[in-house]
Every structure is written in C-alpha cells, then in structure tokens.
Amino acid sequence: MPEKKRPGIIASQAEDYPRWYQDVIAKAELADNGPVRGTMVIRPYGYAIWERIQSEIDRRIKAAGALNAYFPLFIPESYLHREAEHVEGFSPELAVVTYGGGKVLEEPAVVRPTSETIINAYFAKWIQSYRDLPLLINQWANVVRWELRPRLFLRTTEFLWQEGHTAHATAEEAHQYALKILREVYEDFMVNVMAVPVIAGRKTARERFPGADQSWTCEGMMRDQKALQMGTSHELGQRFSKMFGTKFQSGEGEVYVWQTSWGVSTRLLGALIMAHGDDSGLCLPPLLAPVQVVVIPVTSDDEVRSTAGAILRDLASAGHRAEMDARTSSSYGRRVTGWELKGVPLRIEVGHRELTMGNVTITTRDLGEKKVIPVPSVAGEVQEALVAIQKRMLDGARSFRKENTHEFTSLDDAIAYVAQGGFATLPWRSVGPDGETSIAREGLSVRCLVAEDGSLPVRIEDNDTMAVIGKAY
RNA sequence: CGGGAAGUAGCGCAGUUUGGUCAGCGCGCAGCGUUUGGGACGCUGAGGCCGGGGGUUCGAAUCCCCCCUUCCCGACCA
C-alpha cells in the first residue's frame, strides 16, 4: 500500500512536528544528543550525508577559486574585541578557556565561534601587494556558540561547517565574490543537489552578521512552513582589515583590503530532514543519498539471493550507490520500513512472485510507486527513476513553497497571514526597521529582501525592494 | 536566560498522591523453532546503584534540598 502511512513508528508531521523531527533523527540513526547540553553526536548514517554535502560544496568552492586551509580552534580573547559589533554579537555565546596545563592562562582563549579575527591576523602577514590578491581561503571546521535553546542540527552549541574568508583589492570585487558564492556555491547546491528551492536575498540591518556591512542569505521553507536560513555570505567591508592592519601598497598609498566571509553548516541536515521528510521518515534526494538503491531479497533461498546479488553488481558497475539488505532473519516489512525511515530513494524487491517471470519490483521512496520490471533492465530503470525523483522532489518543494507564499500590500495583512505559517512578501517600505521591531514581538522576522522580480536588490532604498516575512527557526 | 512539563532496562511507559513483596509492563535484544510480498508468531532468557549528589527515616523510585539532562513556549543565534 503505497503512500499509506504506518502510524506508530514515528509521530506524524500534522500531530506534532517537533516530535516528528526528533523521531526521524532517532529512527533514521542520524544523530544523538551529546552529554553536555547542546552538543551532538553525529551517527554514521548522518555523517555519510554530511560527507556528501561536504564533497558537493567543496567542489563548488574550489571551482570558485578558494583553497582549503586550517586555522586554530583557540583564538586570543583580545582578537574578538578588535571589532566592536563583532564582539558584541558573539560575546553572549562564547566558550572561553581560562585554564590550561593546570594554570590560569595569562590571556583567556576563546573557542572559535567563527574565525574572521584569527584569519585576519594571518591575512595581514600574508598580504603585502595587490599581487597577493584576491586571497581566497576556506576551512572546514567545528565552531562553538553556546546555545540557550539547542535543537539537533538546527542549533547546537558545537557544530560543523565551512567558513570562507577572502580579501580583495576593491569593494566591488568583494561584493561580486560574495554574490558568486551565494549563487554558484550555495544556491546551486541547495537547489540542484538538495532539491530545496531557496530565496536568495539580502539581510536587513537587524538580521545582518555582526561585523558585516551586508549579509546575503539563502532561505528555505520547511514542511511546517517555517523559514530556515540555510547559508549566508557576508561583505565585511574594511572593518576587520582596518582593525588587523590587512593592507597593501597601491599608487594612492596604503589600501586596506575588502573582505568577505561565508558559511554553511550541519544545519543543512536539518533543512534536508524538514524540507523533504514525510510521515514515513526521511526522504533523500538521489544526488545526496549515501545509499541510492537498496536491494531487498524477500526470502533467503538461492534463486532469490543470487538474482539480488547480480542486480547489486549491475547497479554498482553502473555507478549507483547500491546496497543489499539480505537480513532475511528480519521480516520483509521491518526491513522495508527501516529503509523508508532512512529515506533511501529506491528499493528493489526480489521475490518469487515476479521472479518466476524474470521480474523484480522497484519502488520509489518519495511517492511509494511500485513498478514491476524485467531483471536485465534494472540498471536503466534505476538511472531514470533517480533522475525523475530528484526532479520531482525539487518540483514538489517548489510548489509547496508557492502555495504557501502570498503577496501583500499592508503589514497587518501580512502578519495575519504569516501567523498561520508561510511566507508573506510585501514592499520593504511598508515594513521598515520599525515594522521589523513590531513583527518581532509576534515571533516573525524579515527573512530577506529581494527585488520585485525576485533578483537580488541593488539598493534597498529602491521602491521595488520586497521583504519576505516568515516565522523562522 | 525566564515560564511550563519530564527523567524508572536500548526505546516507550506504569508505579511516586498514602515511604515498607514496586523492580514492573509493552516493544526491542539473545537462544531455539515455525515464518518471510508492509515493523511475523511461540517458548525460553538476559538486562535497571529508579538522571547525579546530599539529607530525613529503622527503611526512599516514592518525602526535602542542590545540580545535570531532555521536551514545549518565549527572549538571543548558522
């Protein structure tokens, strides 16, 4: 019975969405809470998904010209204090080491909440000439931000991410690079690999990164119609370079470099769960799934097993990430349910019923559609189905977002709508900083600003700048 | 960090009001057998300093104090 939800295994989204989210994480074996509040154990299956996220993003980052490096976990406390907004923004969530080697440290070491400061200390050493620019660096690291209200993947005290840091000769070049990362790395990955449509836009002053001149964001809509900030790219201007003396000589004298920083984190796993999951559990887009196809022999006899084995070999040699679940001591139903919870896009069942005709059954995770196909055409069918699922998941997420996004002219109407969930768009001039303050009291926020045609706004003062309002994670 | 709820076997829970056969149930787990097309069934069995620490008491899962953790709702954030 395709698409019929089996109650009792996990909570349904409709009855209790937060509970559903936790159930999926537990049942799909993605993560556990750590012993210290807000910490997280990422389990092998969850980490396998993270590794796929990493490799897709890393490839795009390198294509954008940045190189990976690694900077220390510990940052001298004084570094944070050099940029006023930066330290003000991060102070409440810092973990600070005051003891080391059994002694009180002369200068406390901050566990990095982000690395702008320490990286600038080294950029300042490395940059002397325009020939050293642009300097494009990325690092994959853990960071710590002491969280008051943690949620697995979405908001944990320690999380994994990549943070890019760049230095440019001109403001325009930095601006263009920040947008390049936003579009060609983040948006491209989120849309084309995660199958999550995102709104690329500009943050308001209120929502901006502490220490940035401008922040750009990719905002996604989850199945509960709430917004999730999935990645940000910042124009730091010259704030950090002036504080750290990151400069070079030019005809007009010394020039402080123009900088960007940008990151995505393990929060993307939360986005993946909430953008695509259903009452049967996780639902992974084929391009990101660690296991794309699972082959399930219904029984343990030789005929079924050898056919299943042959199919597995076919799939592997066709380049698919395939796995066999031959644990026939577990019932068929249990195995199937387990793989559904884990979101594997395709399932191939090998059993006598259709094997007598030389057929097997192929089932899609997203729709639960079953199709009986001849064994020799399995690899081809799988290829087609994976492409179809990837497209369908993006289309589905797109139409879901469209159905739950409406345009308004008055702020009150927009608030009334968003209170029920979804996104409201309306002219930014109808909101403004005062409107932002008032909607914050309703638990709402301006997720980002976009131009009326959906492109990135050039100047927010422009009359056609639209605000996207939603309830956010 | 404020306001609520809760921590008893891997998971979900009963027991706490009225201290004393309350160390129990379901699922899972192990062994054996029968099964295998949507979380199979029977029998047998293992498993718990009742979140941690202090206290009250002849006696504490149960009463008191402190701490930790989780969940929900707010304020702050990737």
Under 4.0 Å between a side-chain N or O of [X] and OP1 or OP2 of [N]?
X       : N      : value
R151(A) : U70(B) : no
R327(A) : U36(B) : no
R149(A) : C76(B) : no
S331(A) : A40(B) : yes
Q22(A)  : C72(B) : yes

Could you check how far [atom1] of [X] sits from [atom2] of [N], rounded to whole Å?
X       : N      : atom1 : atom2 : result
K226(A) : C72(B) : NZ    : C1'   : 11 Å
I53(A)  : A78(B) : CD1   : P     : 19 Å
W262(A) : A78(B) : CH2   : P     : 18 Å
Y473(A) : G74(B) : OH    : C1'   : 16 Å

- prompt: Is a side-chain N or O of E207(A) found less than 3.5 angstrom from the main chain of T204(A), in a donor-acceptor match?
  reply: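 It does not hold such a pair.
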
- prompt: Any idea how F244(A) and F240(A) line up, ring-wise: parallel (<30°), tilted (30 to 60°), or perpendicular (>60°)?
  reply: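 Parallel.
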
Residue closer to the 5' end of RNA chain B, Q229(A) versus G338(A) (nearest nucleotide):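 By nearest-heavy-atom nucleotide position, the 5'-most residue is G338(A).
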
task: Select from D16(A) and A472(A) the residue whose nearest nucleotide in RNA chain B is closer to the 5' end of that strand.
output: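 This one resolves to D16(A).
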
Flag side-chain contact, heavy atom, 4.5 Å: T361(A) against R347(A):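 No. Closest side-chain heavy atoms not under 4.5 Å.
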
- prompt: Does K342(A) come within less than 4.0 Å of E29(A), counting only side-chain N to carboxylate O?
  reply: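 Looking at E29(A) together with K342(A), the answer is yes, because their closest N to O distance falls below 4.0 Å.
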
query: Charged N to carboxylate O below 4.0 Å: is that the case for D188(A) and R183(A)?
result: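 No, this pair does not count.
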
Heavy atoms only, 4.0 Å cut-off, all strands: where does [X] land among base, sugar-phosphate and nothing?
X       : value
G263(A) : nothing
G38(A)  : sugar-phosphate
S300(A) : base
S329(A) : nothing
A440(A) : sugar-phosphate
L228(A) : nothing
L269(A) : nothing
E147(A) : base
E93(A)  : sugar-phosphate
T156(A) : base
S265(A) : base

message: I'd like to know if R347(A) reaches the base of G38(B) with its side chain such that a donor and an acceptor end up less than 3.5 angstrom apart.
response: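 Counting by modelled atom types and ignoring angles, a donor-acceptor contact under 3.5 Å is found here.
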
task: Check if the side chain of R155(A) and the base of C77(B) share a donor-acceptor pair of N or O atoms closer than 3.5 Å.
output: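 Side chain to base: pair found, below 3.5 Å.
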
- prompt: Below 6.0 angstrom between ring centroids: does that apply to Y473(A) and F153(A)?
  reply: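 No, ring centres 6.0 Å or more apart.
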
task: Would you confirm whether the ring centroid of F123(A) sits within less than 6.0 angstrom of the ring centroid of H165(A)?
output: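 Here the rings of F123(A) and H165(A) have centres that are no less than 6.0 Å from each other.
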
State which of [options] makes the closest approach to the side chain of [X].
X       : options                : result
H352(A) : G37(B), C72(B), A78(B) : G37(B)
N33(A)  : A75(B), A78(B), C71(B) : C71(B)
R206(A) : C72(B), C76(B), A78(B) : C76(B)
R37(A)  : U69(B), G37(B), G38(B) : U69(B)
R145(A) : A75(B), A78(B), G37(B) : A78(B)
T337(A) : C77(B), C71(B), G38(B) : G38(B)
Y332(A) : U36(B), G39(B), A75(B) : U36(B)
V336(A) : G37(B), G38(B), A78(B) : G38(B)

query: What distance, rounded to whole Å, do you find between the two P atoms, one in C50(B) and one in A5(B)?
result: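 Between the two P atoms, the distance is 25 Å.
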
Which one is paired to [N], where only Watson-Crick or G-U wobble pairs with both distances under 3.5 angstrom count?
N      : answer
U16(B) : none
U69(B) : A6(B)
C76(B) : none
A30(B) : U44(B)

- request: May I ask you to check whether N138(A) and W262(A) show a side-chain donor-acceptor distance below 3.5 Å?
  value: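 Checked: N138(A)/W262(A) side chains show no N/O donor-acceptor pair below 3.5 Å.
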
- request: Could you say whether the aromatic ring of W161(A) and the base of A78(B) stack, counting only centre distances under 5.5 Å and plane angles under 30°?
  value: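 Whether judged by distance or by angle, W161(A) falls short somewhere, so it does not stack on the base of A78(B).
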
